[in-house]
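A short worksheet on the structure shown next.
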There are 2 protein chains.
Amino acid sequence: MSKSVRRAALIIDSIAEGPKTVVELSLMFDLHRSTMFRELQSLEEVGYVHRRKSGQYTLGLHLISLSKLAFDNLDLREAAHDHIRRLHKVVGNTVHLAALMESSIVYVDKVEDPNGVRMYSRIGKAVLPYCSGVGKAILADLDEGGRNAVLAGSTWEKFTEHTITSRDALDRELEIIKKQRWAADDREFEDFVNCVAVPIHSSMGVVGALSVTAIRMVQNLPQLKTHLPLMQQTAELISRELG
Amino acid sequence: MSKSVRRAALIIDSIAEGPKTVVELSLMFDLHRSTMFRELQSLEEVGYVHRRKSGQYTLGLHLISLSKLAFDNLDLREAAHDHIRRLHKVVGNTVHLAALMESSIVYVDKVEDPNGVRMYSRIGKAVLPYCSGVGKAILADLDEGGRNAVLAGSTWEKFTEHTITSRDALDRELEIIKKQRWAADDREFEDFVNCVAVPIHSSMGVVGALSVTAIRMVQNLPQLKTHLPLMQQTAELISRELG
DNA sequence: CTGGCTGATGCAAATACTGCAACACTGCGA
DNA sequence: TCGCAGTGTTGCAGTATTTGCATCAGCCAG
């Protein structure tokens, strides 16, 4: 069982990197053309890949349907759902929940004030680890290998005057964050936004983070920091629910 | 090859409907416990499913990463990308691109005025077919079976004074839409929003739709309708690119 | 403590998959 | 126009993977 499924997964991953033809794939996997053809045919049948008229294979629609369900079933999201809504009721600000998945950090839930300013963030959106509160909160609790994986491919683009733009500077800040057990984003990504974030752990280590965000004109960092005790308590409750 | 992969896909679909245990799945698929156990072990290895401490299996994180890539590689999205941006430049309004995938309609791209009012819609969000312009534009070009599939599970919730709340009324409107080759949403979902939409076809039939949306106070339906010739031309160009 | 249920692994039988060969079709260059 | 090279597609027989059984370990409830 293992072999077919494992290889099918590898083929899908390979197609995910860009469209591929039967011949390309058969060379990559050292399989006969006919075999690869049949494999792709099967994958197409179940909607995991899609064949273009040109003969190139791309990812299939079914994966998109699945991901929506995967989101809903996410352990972290489920465990945190009630807690972050309760937190939002008390603090009033926008609350974000981010998860560490594979080697990227993704927003998986958010609660925002329907009447407030709507910020540009989207559930499912990947977060830049080095210039976001949740990103830094998660990085701080990762070991060297984990940090490297998450930061691989970082552009270190300078979005504002305050953006951290080197690994060294980031590592220094992460040590502080790790000690104090919370992270801030003080205008590091957008000039008018600041937030504070705390990590969430399971028995496997850090799995995500939650943050409370505000427009700096409305609430500045010292004001946001008053929410930290409640945030840490919330994170603790979620962590406990995850085991 | 075919059998393992096909079954693996069915198992994943089954898990997508809700967490399942090894025993449940082995009964559903009439497989030996040990076999199902190994199958799930393989799927877990490649990140397609995730095992909870409780022994239940849920969808894995890897599916979420894949879906993002699947979106980017979407034929319709690629083919339409430049065209809808050009359309946006001319008309100025928010332009939505929706795709018919399996039996749901999903926003796959949108271009909006960064300075304008930001509407609540999200790429990846499922669209309610019976009270949206793109939904009705797509439904109109589907046959009986297709319509049933897409509308299965509709709640027919009445969002505004103008929402269509029965299949009969919808079918009547769809006939008109089909003839005139465009659809409108005149305050059917939100009281202050209206839009016009046109379908996009490939050789396989209707595959999506694009719409131009406006706050009714800013542009009402007759004003939006002036964009229709350009929209239809855009849809035609996209259709041609799809083959 | 014991009985039942689930998780996990080795092994031989059985089945599904592989590679080959062959053919059809396409597009390209001679 | 023709032939050629590359690709898509299918049937078939050998082989290798997967399957089911038997078995054992661990856990919880009675």
Side-chain angles (χ1 to χ4, degrees), chain A residues 1-61 73 75 202-204 240-243, chain B residues 1-61 73 75 202-204 240-243:
Chain A
M1 167 78 353
S2 155
K3 200 173 176 184
S4 321
V5 172
R6 199 192 321 276
R7 209 184 40 212
L10 288 174
I11 290 172
I12 291 172
D13 288 346
S14 170
I15 289 174
E17 286 164 20
K20 301 262 184 307
T21 66
V22 181
V23 179
E24 282 177 297
L25 287 167
S26 65
L27 290 173
M28 289 177 68
F29 287 86
D30 199 34
L31 276 182
H32 215 264
R33 277 211 324 280
S34 60
T35 306
M36 182 56 76
F37 169 72
R38 280 184 282 233
E39 176 102 35
L40 288 168
Q41 206 170 236
S42 305
L43 287 172
E44 188 177 15
E45 243 174 77
V46 293
Y48 281 62
V49 305
H50 166 72
R51 186 188 167 150
R52 292 183 176 167
K53 287 167 304 299
S54 61
Q56 290 180 315
Y57 284 86
T58 62
L59 295 181
L61 295 181
N73 285 336
D75 282 354
S202 78
S203 53
M204 307 289 293
R240 204 167 297 164
E241 220 162 289
L242 288 169
Chain B
M1 168 79 352
S2 154
K3 200 174 176 183
S4 320
V5 172
R6 199 191 323 275
R7 210 186 38 213
L10 289 175
I11 291 172
I12 290 172
D13 289 346
S14 169
I15 290 174
E17 287 164 19
K20 301 263 185 307
T21 66
V22 180
V23 179
E24 282 176 298
L25 287 167
S26 65
L27 289 173
M28 288 178 68
F29 288 87
D30 199 33
L31 275 182
H32 219 263
R33 276 211 328 278
S34 59
T35 305
M36 182 56 75
F37 169 72
R38 280 185 284 232
E39 178 102 35
L40 288 169
Q41 206 170 236
S42 305
L43 287 172
E44 187 177 13
E45 245 173 77
V46 293
Y48 281 60
V49 306
H50 165 72
R51 186 189 167 150
R52 291 184 176 167
K53 287 169 303 298
S54 61
Q56 289 179 317
Y57 284 85
T58 61
L59 295 181
L61 295 181
N73 286 337
D75 282 355
S202 78
S203 53
M204 306 288 293
R240 204 167 297 162
E241 221 162 287
L242 289 169

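Naming convention: chains lettered A, B, ... in sequence-line order (proteins, then strands); numbering from 1 in each chain.
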On the side chain of [X], is there an atom forming a donor-acceptor pair with the base of [N] - under 3.5 Å, no angle test?
X: A:Arg51; N: D:dG8; value: no
X: B:Arg33; N: D:dG20; value: no
X: A:Arg38; N: C:dG19; value: yes

Query raised in the report: Under the side chain to side chain contact (heavy atoms under 4.5 Å, CB included) criterion, do B:Arg52 and A:Asp75 qualify, and how do the steps go?
Result: CA-CA 8 Å; B:Arg52 291 184 176 167; A:Asp75 282 354; 2.6 Å; yes
Integer-rounded Å distance: [N] [atom2] and [X] [atom1]:
X: A:Glu24; N: D:dG6; atom1: CD; atom2: C1'; answer: 13 Å
X: B:Arg7; N: C:dT15; atom1: CZ; atom2: P; answer: 14 Å
X: B:His32; N: D:dT23; atom1: NE2; atom2: C1'; answer: 12 Å
X: B:Lys3; N: C:dA14; atom1: NZ; atom2: C1'; answer: 11 Å
X: A:Lys20; N: D:dT7; atom1: NZ; atom2: C1'; answer: 18 Å
X: A:Leu40; N: D:dT9; atom1: CG; atom2: P; answer: 11 Å

Query raised in the report: Judged by modelled atom types alone, do B:Thr21 and B:Glu24 share a side-chain donor-acceptor pair under 3.5 Å?
Result: yes
Requested in this report: For side chain to side chain contact (heavy atoms under 4.5 Å, CB included), just list the numbers for B:Arg51 and B:Gln41, CA-CA rounded to whole Å, side-chain angles, deciding distance to a tenth of an Å, and then say yes or no.
Outcome: CA-CA 9 Å; B:Arg51 186 189 167 150; B:Gln41 206 170 236; over 6 Å; no
Query raised in the report: Reckon A:Ser34 has a side-chain N or O less than 4.0 Å from the OP1 or OP2 of C:dG19?
Result: no
Query raised in the report: Between A:Asp30 and B:Val23, who's closer to the 5' end of DNA chain C by nearest nucleotide?
Result: B:Val23
